Q: 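What follows is a single structure, and I will ask about it in a moment.
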Amino acid sequence: MSLETYLFGIKMQSPFILGSGPLSYGAKGLIRAHKAGAGAVVTKTIRDNPAVNPFPHMAVAAKGSMINAEEWSDIPGSDWVEKEIPEAKKAGVIVIASIGHTPVEVENWVGKADKAGADIIELVSYERDTMLPMLKRARELSDKPVLVKISPNWNNPVGIALEALEAGADGITAIDSIGPVLRIDIGTGKPLVGGGHGFGWLTGSAIKPIALRYVAEISAAADKPVIGLGGVSKAEDAVEMLMAGAQAVGICTAAIVKGVEYIEKLNKKLEKLIEDLGFHNPSELSGLSHKYLNPAANSKKFAFLYNADTCTECMACVRACSYEARGLKNKVMSLDTELCRYCGLCFSVCPNGSLSSDF
Ligand SMILES: Cc1cc2nc3c(=O)[nH]c(=O)nc-3n(C[C@H](O)[C@H](O)[C@H](O)COP(=O)(O)O)c2cc1C
Ligand code: SF4
Ligand code: SF4
C-alpha cells in the first residue's frame, strides 16, 4: 500500500496538497508542509503588490470551518521568485506557484515563477471573465502544467472549468473559498473578522459538499486531473473527494487550525482507510462514484434494514421523522408505509447503522 500519487507525471509522496493560504506564506512554510508529508504545496497567491490584511483576518466560523478576510501574499513577488521558490525547491518541495488575479500579473509573474523552479502554475482570480485571458497568456509564458482554480462564487464555474481545459489548462483546482459571508460575536455584536463590512470568506467542513459537487461534475466531463479542495479534514473526506473524481486532495483550513503536522497523521489514517476499503492506492478510488451519479433522479423506493442487536433505542430515528411514520417499542421497529415518504432521514440520523437501507 502506497500513497504515492502522480500529478502531471510528477511523483508526490502523498495525494494531499497544501492549498494556497497562510501556511504557505514563504519557503519556510512550504518546507514545513513538505516535511509533514504533503505531496505538493501551493504558494500563497503571488501578485504585483504585497497584501495588507485587515485585523483580525481569521476566525473559527463553526466546527471545522473558518471565516477569513485574508488577501493574497503579503510579501513581494520578487521575494517569491528570487528567494522563496528556489529555497523550497532546494529542499525538495514540489511547488505549485499560485498567480493571481489579472492577465497583467500573469505577464509579470508566470515566466519568473517557472524560471524560479515552480513545478506547476495555478491561476486564481476573483473575476470569472479574467480567467481565460490569464490562461491564454500563462500558456504562452510557460510549458509547465497549468491549473485553473475555480471559484464557486462565479456564475457557472463548471462551464468556465471546461472552457479552460479546452483552452489548454492541464487541470482544475476546485474550489476556492465561498463568500462574502458574515459571522457576529454575540458578546460584542461585532463581526468575527475585520474585513470590509465585517465580511469574510468561508472555508472548511461547511463547504465540502459544494466542493464535492464541482469535483464530480468537472471530472466526469473531462479527462484531465482535478484537485479536490474544500472541507477536507479527515481521511474519510479525502476518500470521498477521490471517489468524486479528484486525482489529488487539497487541504487548507484543517491544516491551519490543527497545525500543518496534522498532514502526517492524515497520511497514516488515509493509508489504513484505503487498505481497509480493499484498495491499494489512492488512484484506484479516483472517480469510483461517477457510475452512481446519474442525471435522472432515483424513483425507486428502497427497503429498510433494521438490526435490533445493535440498536441502542436512542429514538433518534423516530424523532427525525417529520411524518410520524416510524415507531420503536421494545426493539420492535414499525413503519407506517402510508405515512412514510421515503425521505431517508431516519437511517441517516442513526448513530451506529442499526437502521439502514438498500439504497
Ligand atoms: C486564511 C485563508 C487564506 C487563503 N488564501 C488564499 C490565497 O491566497 N489564494 C488562494 O488561491 N486561495 C486562498 N485560500 C483558499 C484555499 O486555498 C482553499 O481554496 C479554501 O480554503 C478551501 O479549502 P479548505 O476548505 O481545505 O480550506 C485561503 C484560505 C484561507 C482559509
Ligand atoms: S424515510 Fe422519512 S418518512 Fe419514512 S420513516 Fe424514515 S424519516 Fe419517516
Ligand atoms: S436511531 Fe438507530 S440506534 Fe437509535 S433507535 Fe433508531 S435504529 Fe436504534
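Each ligand, and each atom within it, is numbered from 1 in the order the structure gives. Just so it is clear, the model here is predicted, and its values are computed rather than measured.
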Q: Taking the side chain as everything from C-beta on, heavy atoms only, tell me whether K269 gets closer than 4.5 Å to L273.
A: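 No - every pair of side-chain heavy atoms lies 4.5 Å or more apart.
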Q: Within a strict 4.5 Å, meaning less than it, do heavy atoms of the F279 and L242 side chains meet?
A: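 Result no, sub-4.5 Å side-chain heavy-atom pair not found.
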Q: Mind jotting down which residue pairs meet the salt bridge (charged side-chain N to carboxylate O under 4.0 Å, His left out) criterion with at least one end in residues 110-124? Sequence neighbours excluded, please.
A: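 Qualifying pairs, neighbours excluded: K89-D119, D114-K144.
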Q: Between I94, I120, D170, which is the residue that forms a side-chain contact (heavy atoms from CB on, under 4.5 Å) with L7?
A: I120
Q: Can you tell whether the side chains of R32 and E261 come within less than 4.0 Å, N to carboxylate O?
A: yes
Q: Short list, please: which atoms of ligand 2 are under 4.0 Å from a heavy atom of Y323?
A: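 Numbered from 1, ligand 2 contributes 3 (S).
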Q: Looking only at distances, please establish whether an N/O atom of ligand 1 is found under 3.5 Å from an N/O atom of C252.
A: yes
Q: So, N352 and T310: side-chain donor and acceptor under 3.5 Å apart, yes or no?
A: no
Q: With heavy-atom distances below 4.0 Å as the criterion, list the atoms of ligand 1 near I207.
A: 22 (C), 25 (O)
Q: May I ask you to list the atoms of ligand 1 that are less than 4.0 angstrom from any heavy atom of K44?
A: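 With K44 as reference, the close atoms of ligand 1 come out as 3 (C), 4 (C), 5 (N), 6 (C), 7 (C), 8 (O).
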Q: Is the shortest N/O to N/O distance between E70 and ligand 1 below 3.5 Å?
A: no
Q: Among all protein heavy atoms in this structure, tell me which lies nearest to atom 27 (O) of ligand 1, with the distance rounded to 0.1 Å.
A: T253 OG1, 2.5 Å
Q: Give yes if a backbone or side-chain nitrogen or oxygen of N68 is under 3.5 Å from a nitrogen or oxygen of ligand 1, and no if not.
A: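 Checking ligand 1 against N68, no N or O pair falls under 3.5 Å apart.
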Q: Quick check on K63: does its NZ atom have over 12 non-hydrogen neighbours (other residues, nucleotides or ligands) under 6.0 Å away?
A: no
Q: Taking N or O atoms only and a 3.5 Å limit, does W72 qualify as a polar contact for ligand 1?
A: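 No: no nitrogen or oxygen of W72 is under 3.5 Å from one in ligand 1.
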Q: What do you reckon, is CG of D143 surrounded by more than 12 foreign heavy atoms closer than 6.0 Å?
A: no
Q: List ligand 1 atoms under 4.0 Å from K149, heavy atoms only on the residue side.
A: 10 (C), 11 (O), 12 (N), 15 (C), 16 (C), 17 (O), 18 (C), 19 (O)
Q: Before accepting this row, confirm whether a basic side-chain N of the pair E240/K208 lies closer than 4.0 Å to the acidic partner's carboxylate O.
A: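 Counted as a salt bridge, because a side-chain N and a carboxylate O are separated by less than 4.0 Å.
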Q: Determine whether the side chains of W80 and S73 contain a donor N or O and an acceptor N or O closer than 3.5 Å.
A: yes
Q: Would the number of heavy atoms belonging to other residues, nucleotides or ligands and lying under 6.0 Å from CG of D223 be above 12?
A: no
Q: Which of the atoms in ligand 2, numbered in the order shown and given with their element, are less than 4.0 Å from a heavy-atom of C340?
A: 1 (S), 3 (S), 4 (Fe), 5 (S)
Q: Evaluate T130 against H101 for side-chain hydrogen bond (donor to acceptor under 3.5 Å, both in side chains), listing each step before the verdict.
A: CA-CA 8 Å; T130 55; H101 283 236; over 6 Å; no
Q: Taking only heavy atoms of C321 into account, list the atoms of ligand 2 that are under 4.0 Å away from them.
A: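 Near C321, the atoms of ligand 2 are 3 (S), 5 (S), 7 (S), 8 (Fe).
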Q: Is there a donor-acceptor pair closer than 3.5 Å between any side-chain N or O of S98 and the backbone N or O of K44?
A: no
Q: Does E122 reach ligand 1 with a nitrogen or oxygen that is under 3.5 Å from one of the ligand's nitrogen or oxygen atoms?
A: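 No: no nitrogen or oxygen of E122 is under 3.5 Å from one in ligand 1.
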Q: Which atoms of ligand 1 are found less than 4.0 Å from any heavy atom of G230?
A: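 Here the atoms of ligand 1 in question are 22 (C), 23 (O), 24 (P), 25 (O).
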Q: Which atoms of ligand 1 have any heavy atom of G204 under 4.0 Å away?
A: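 Result: 24 (P), 25 (O), 27 (O).
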Q: Between T45 and W109, is any pair of side-chain heavy atoms under 4.5 Å apart?
A: no
Q: Report the part of L339 (side chain from C-beta onward, or backbone N, CA, C, O) that has a heavy atom under 4.0 Å from ligand 2; answer both or neither where that applies.
A: neither
Q: For T45, take its heavy atoms, then give the atoms of ligand 1 lying under 4.0 Å from any of them.
A: 7 (C), 8 (O), 9 (N), 10 (C), 11 (O)
Q: For atom 2 (C) of ligand 1, tell me which residue out of A59, S65, A211, P22 has the closest non-hydrogen atom.
A: P22
Q: If the cut-off is 4.0 Å to any non-hydrogen atom of G231, which atoms of ligand 1 fall inside it?
A: 24 (P), 25 (O), 26 (O)
Q: Under 4.0 angstrom from ligand 1, any heavy atom of T173?
A: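 T173 does not count as a contact of ligand 1 under the 4.0 Å cut-off.
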Q: Parallel, tilted or perpendicular, judged at 30° and 60°: which one describes the rings of F304 and F302?
A: perpendicular
Q: Should we count CD of E236 as having more than 12 external heavy atoms under 6.0 Å?
A: yes
Q: Does the shortest distance from atom 8 (Fe) of ligand 2 to an N/O/S atom of C343 fall below 2.8 Å?
A: no
Q: Give me the residue, atom name and distance of the protein heavy atom closest to atom 23 (O) of ligand 1.
A: L229 CD1, 3.4 Å
Q: For atom 15 (C) of ligand 1, what's the nearest protein heavy-atom neighbour? Residue, atom name and distance, please.
A: D176 OD1, 3.6 Å
Q: Can an N or O of V124 be found at a distance shorter than 3.5 Å from an N or O of ligand 1?
A: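 No: no nitrogen or oxygen of V124 is under 3.5 Å from one in ligand 1.
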Q: Considering only heavy atoms of L335, which atoms of ligand 2 have at least one such atom less than 4.0 Å away?
A: 5 (S)
Q: Answer yes when E275 and K272 have at least one side-chain N-carboxylate O distance shorter than 4.0 Å, and no when they do not.
A: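 Answer for the salt bridge query: no.
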Q: Look only at interatomic distance and state if M66 has a nitrogen or oxygen under 3.5 Å from any nitrogen or oxygen of ligand 1.
A: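 It does not: no N or O of M66 is found under 3.5 Å from an N or O of ligand 1.
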Q: May I ask you to identify the nearest protein heavy atom to atom 20 (C) of ligand 1, giving residue, atom name and distance to one decimal place in Å?
A: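 Of the protein heavy atoms, T203 CG2, 3.7 Å lies nearest.
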Q: If you define the side chain from C-beta out and look only at heavy atoms, does anything of Y214 sit under 4.5 Å from I172?
A: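 Result no, sub-4.5 Å side-chain heavy-atom pair not found.
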Q: Just checking K224: does its NZ atom have more than 12 heavy atoms from other residues, nucleotides or ligands closer to it than 6.0 angstrom?
A: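 More than 12 heavy atoms, drawn from other residues, nucleotides or ligands, come within 6.0 Å of this atom.
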Q: Relative to the heavy atoms of R341, which atoms of ligand 2 are at a distance of less than 4.0 Å?
A: 3 (S), 4 (Fe)
Q: Among all protein heavy atoms, pick out the one at the shortest distance from atom 13 (C) of ligand 1; state its residue, atom name and that distance to 0.1 Å.
A: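 Answer for atom 13 (C) of ligand 1: S20 O, 3.0 Å.
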Q: Hey, is ligand 1 close enough to G21 that some N/O pair sits below 3.5 Å?
A: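 Among all N and O atoms of G21, none is under 3.5 Å from an N or O of ligand 1.
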Q: Treating S286 as the side-chain partner and A246 as the backbone partner, does any N or O pair qualify as donor plus acceptor under 3.5 Å?
A: yes
Q: For ligand 3, what is the set of protein residues having any non-hydrogen atom at a distance below 4.0 Å?
A: Y306, C311, T312, E313, C314, M315, A316, C317, L328, M333, C350, P351, N352, S354, L355
